[in-house]
Amino acid sequence: MPELPEVETIVRDLSSVLIGQKVVEAKFLNNRIRENCDYKRASILKGRQLKNISRRGKNIVFHFTENIALICHLKMTGKLLVKADSSLDKKHLHFFIKFEKSKLNYYDVRKFGRICILRNSGLFNHPRLKKLGPEPFEITPKLFADIIKKRKKAIKLALLDQEVVAGLGNIYADESLFYAGIRPTLKASGISRARLKKLHDSIIKVLNKAVNNRGTSVDDYLDGFGQRGNFQNQIAVYGKTGQPCPNCGIQLKRIVLGGRSAHFCWKCQK
DNA sequence: GACAACCTGACC
DNA sequence: GGTCAGGTTGTC
């Protein structure tokens with residue numbers, strides 16, 4: 001499940017190979033993943049050069065010459081690989097861009113992911129980018145606390161809300177709350193500024209560590225080259241229900257919050 | 001603020 | 001055969 005560190009890893013992988021190359025061919029093989037944007041046909045990309053690839057929250061943005069951009073959100077099971085992976089079933093290949101020297105393939109078992117090709121002028125106003133909160137790495141502890149203080153819902157749900165902070169998902173929200181010693185059910189607005197400073201610090205540390213480990217392959221996440229990440233070996237609480245807390249040793253708990261599982265230590269997180 | 005919907009594969 | 005996984009949108 002790609003969150004900020006996984007998406008960041010993919011962006012770096014793809015950038016190292018694809019930037020500067022011209023598009024030879026591009027095609028949607030399944031229209032379900034195509035969003036209704038400016039351009040329905042991927043062939044609009046033909047002949048254009050890839051200038052840059054960037055990340056905003058969990059979105060990947062490809063910038064082409066002549067003011068064309070492509071936004072991709074991987075949702076749950078989307079994968080962008082710079083070459084065909086023989087271990088992935090071809091029936092899940094839904095989009096591709098053939099460059100001069102490389103081919104970029106989009107696989108998605110569940111077809112939740114979305115790809116949209118649009119003019120640069122509309123990029124900023126795309127509904128998925130427009131409403132995003134700040135990037136965790138670009139926010140001061142004070143501003144982070146200001147934003148959280150305005151939210152009345154449970155802190156875990158505030159962290160998952162992309163309009164609050166962009167890029168956190170279930171794994172890193174659980175991990176950050178564990179290191180900050182904060183229970184996921186606490187009302188966001190009631191948490192002290194001192195504790196929110198610690199939470200901000202935990203988020204930065206966890207995300208940095210995960211990026212340095214090329215993401216978490218707890219399920220089926222693969223980077224841009226089809227390789228698994230390494231952070232799953234360093235997870236403290238996510239998916240560890242019933243296992244001992246790495247801090248105090250009592251059994252970790254799982255509750256359902258906002259329809260999603262939250263994993264935490266009953267003793268260390270108050 | 002809760003919850004269904006979108007999908008499929010993995011697992012019981 | 002039923003349940004679960006979770007990012008995001010849409011609906012009540």
Side-chain angles (χ1 to χ4, degrees), chain A residues 1-11 28-37 55-61 71-80 85 87-95 106-116 125-133 135-136 148 150-177 184-190 207 210 215-222 228-229 231-232 235 237-242 252-264:
Chain A
M1 298 134 264
E3 304 179 31
L4 187 152
E6 290 76 30
V7 176
E8 179 66 26
T9 301
I10 292 168
V11 166
F28 286 101
L29 303 174
N30 186 327
N31 288 333
R32 171 142 241 131
I33 61 145
R34 185 190 70 197
E35 279 185 325
N36 256 341
C37 289
R55 180 189 61 74
R56 180 73 177 95
K58 300 170 190 167
N59 295 275
I60 302 173
V61 186
I71 309 175
C72 177
H73 196 302
L74 303 170
K75 293 282 180 83
M76 308 285 297
T77 52
K79 292 174 180 56
L80 277 170
D85 188 325
S87 71
L88 297 175
D89 198 326
K90 254 195 176 162
K91 74 177 174 189
H92 301 310
L93 176 63
H94 307 310
F95 174 78
Y106 178 81
Y107 294 90
D108 195 341
V109 167
R110 293 171 74 175
K111 299 192 274 283
F112 284 0
R114 291 293 178 265
I115 289 175
C116 157
N125 276 323
H126 190 283
R128 255 206 332 272
L129 299 189
K130 193 179 180 181
K131 296 178 83 178
L132 287 181
E135 292 287 324
I148 297 291
K150 286 184 195 144
R151 302 292 165 147
K152 290 178 180 149
K153 53 186 163 188
I155 183 64
K156 163 89 186 273
L157 298 182
L159 293 181
L160 289 176
D161 185 342
Q162 302 298 297
E163 293 181 31
V164 173
V165 178
L168 289 177
N170 217 23
I171 299 174
Y172 299 110
D174 277 358
E175 293 295 295
S176 301
L177 287 168
T185 49
L186 275 195
K187 191 177 179 181
S189 57
L207 290 179
T216 301
S217 292
V218 71
D219 209 341
D220 63 349
Y221 158 73
L222 298 175
R228 288 165 59 81
F231 194 70
Q232 63 276 13
I235 293 273
V237 294
Y238 176 79
K240 306 250 180 199
T241 316
L252 294 171
K253 287 226 171 219
R254 173 185 179 273
I255 58 167
V256 175
L257 193 55
R260 297 186 195 127
S261 53
H263 314 80
F264 68 103

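Throughout, a chain's letter reflects where its sequence line sits, starting with A, and its residues are numbered from 1.
Across the interface with DNA chain C, nearest-nucleotide mapping of Leu168(A) and Arg254(A) shows Arg254(A) to be the residue nearer the 5′ end.
Across all strands, Gly169(A) comes closer than 4.0 Å only to sugar-phosphate atoms, never to a base (heavy-atom distances). Arg151(A) comes within 4.0 angstrom of nothing in the nucleic acid, heavy atoms only. Among the protein residues, Met1(A) comes within range of the sugar-phosphate backbone only, with heavy atoms under 4.0 Å from sugar or phosphate atoms but none that close to a base. Ser261(A) comes within 4.0 angstrom of sugar-phosphate atoms only, judged by non-hydrogen atoms across all strands, and of no base. The residue Lys131(A) sits apart from the nucleic acid: no heavy atom pair falls under 4.0 Å. If you check every strand for non-hydrogen atoms under 4.0 Å, Arg128(A) touches sugar and phosphate atoms only.
Among dT8(B), dG6(C), dG7(C), the nucleotide with an atom closest to any side-chain atom of His92(A) is dT8(B). Comparing dG1(B), dG7(C), dT9(C) by their nearest atom to the side chain of Phe112(A) picks out dG7(C). Closest to the side chain of Val109(A), out of dG1(B), dG6(C), dG9(B), is dG9(B). Across dG7(C), dG9(B), dG6(C), the shortest atom-to-atom separation from the side chain of Lys91(A) is found for dG9(B). The side chain of Lys153(A) has dG1(B) as its nearest neighbour among dG1(B), dA5(C), dG7(C).
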Q. Leu159(A) and Tyr172(A): side-chain contact (heavy atoms from CB on, under 4.5 Å), yes or no, with the steps?
A. CA-CA 9 Å; Leu159(A) 293 181; Tyr172(A) 299 110; over 6 Å; no
**Q.** Arg228(A)/Leu222(A) under side-chain contact (heavy atoms from CB on, under 4.5 Å): CA gap, chis, key distance, verdict
**A.** CA-CA 5 Å; Arg228(A) 288 165 59 81; Leu222(A) 298 175; 3.9 Å; yes
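Counting only N and O atoms by type, the side chains of Glu3(A) and Tyr221(A) include no donor and acceptor under 3.5 Å apart.
Rounded to whole Å, the distance from CG on Leu157(A) to P on dG6(C) is 13 Å. Here dA5(C) presents its P atom at 19 Å from NZ of Lys75(A), a figure rounded to the nearest Å. Rounded to a whole Å, the NE2 atom of His263(A) is 10 Å from the C1' atom of dA5(C). Rounded to an integer number of Å, the gap from Arg110(A) CZ to dA5(C) C1' is 6 Å. dG1(B) atom P lies 14 Å from atom CG of Leu160(A), rounded to whole Å. Computed from coordinates, the Met76(A) CE to dG9(B) C1' distance equals 12 Å when rounded to whole Å. Protein atom CG of Leu74(A) is 18 Å distant from nucleotide atom P of dT8(B), rounded to whole Å. At whole-Å resolution of the value, NE2 in His73(A) and P in dT9(C) are 7 Å apart.
Under 4.0 Å is where a charged nitrogen must lie from a carboxylate oxygen, and between Arg114(A) and Glu35(A) no such pair does. Lys79(A) and Asp220(A) are joined by a salt bridge, as a carboxylate oxygen and a charged side-chain nitrogen come within less than 4.0 angstrom of each other.
Ring geometry for His263(A) against Tyr238(A) counts as perpendicular: the plane angle is over 60°, on a 0 to 90° scale with 30° as the lower cut.
Shown here, dG2(C) forms a base pair with dC11(B); the pair counts as Watson-Crick or G-U wobble because both key distances fall under 3.5 Å.
Taking side-chain N and O atoms only, Tyr238(A) has a distance below 4.0 Å to OP1 or OP2 of dG6(C).
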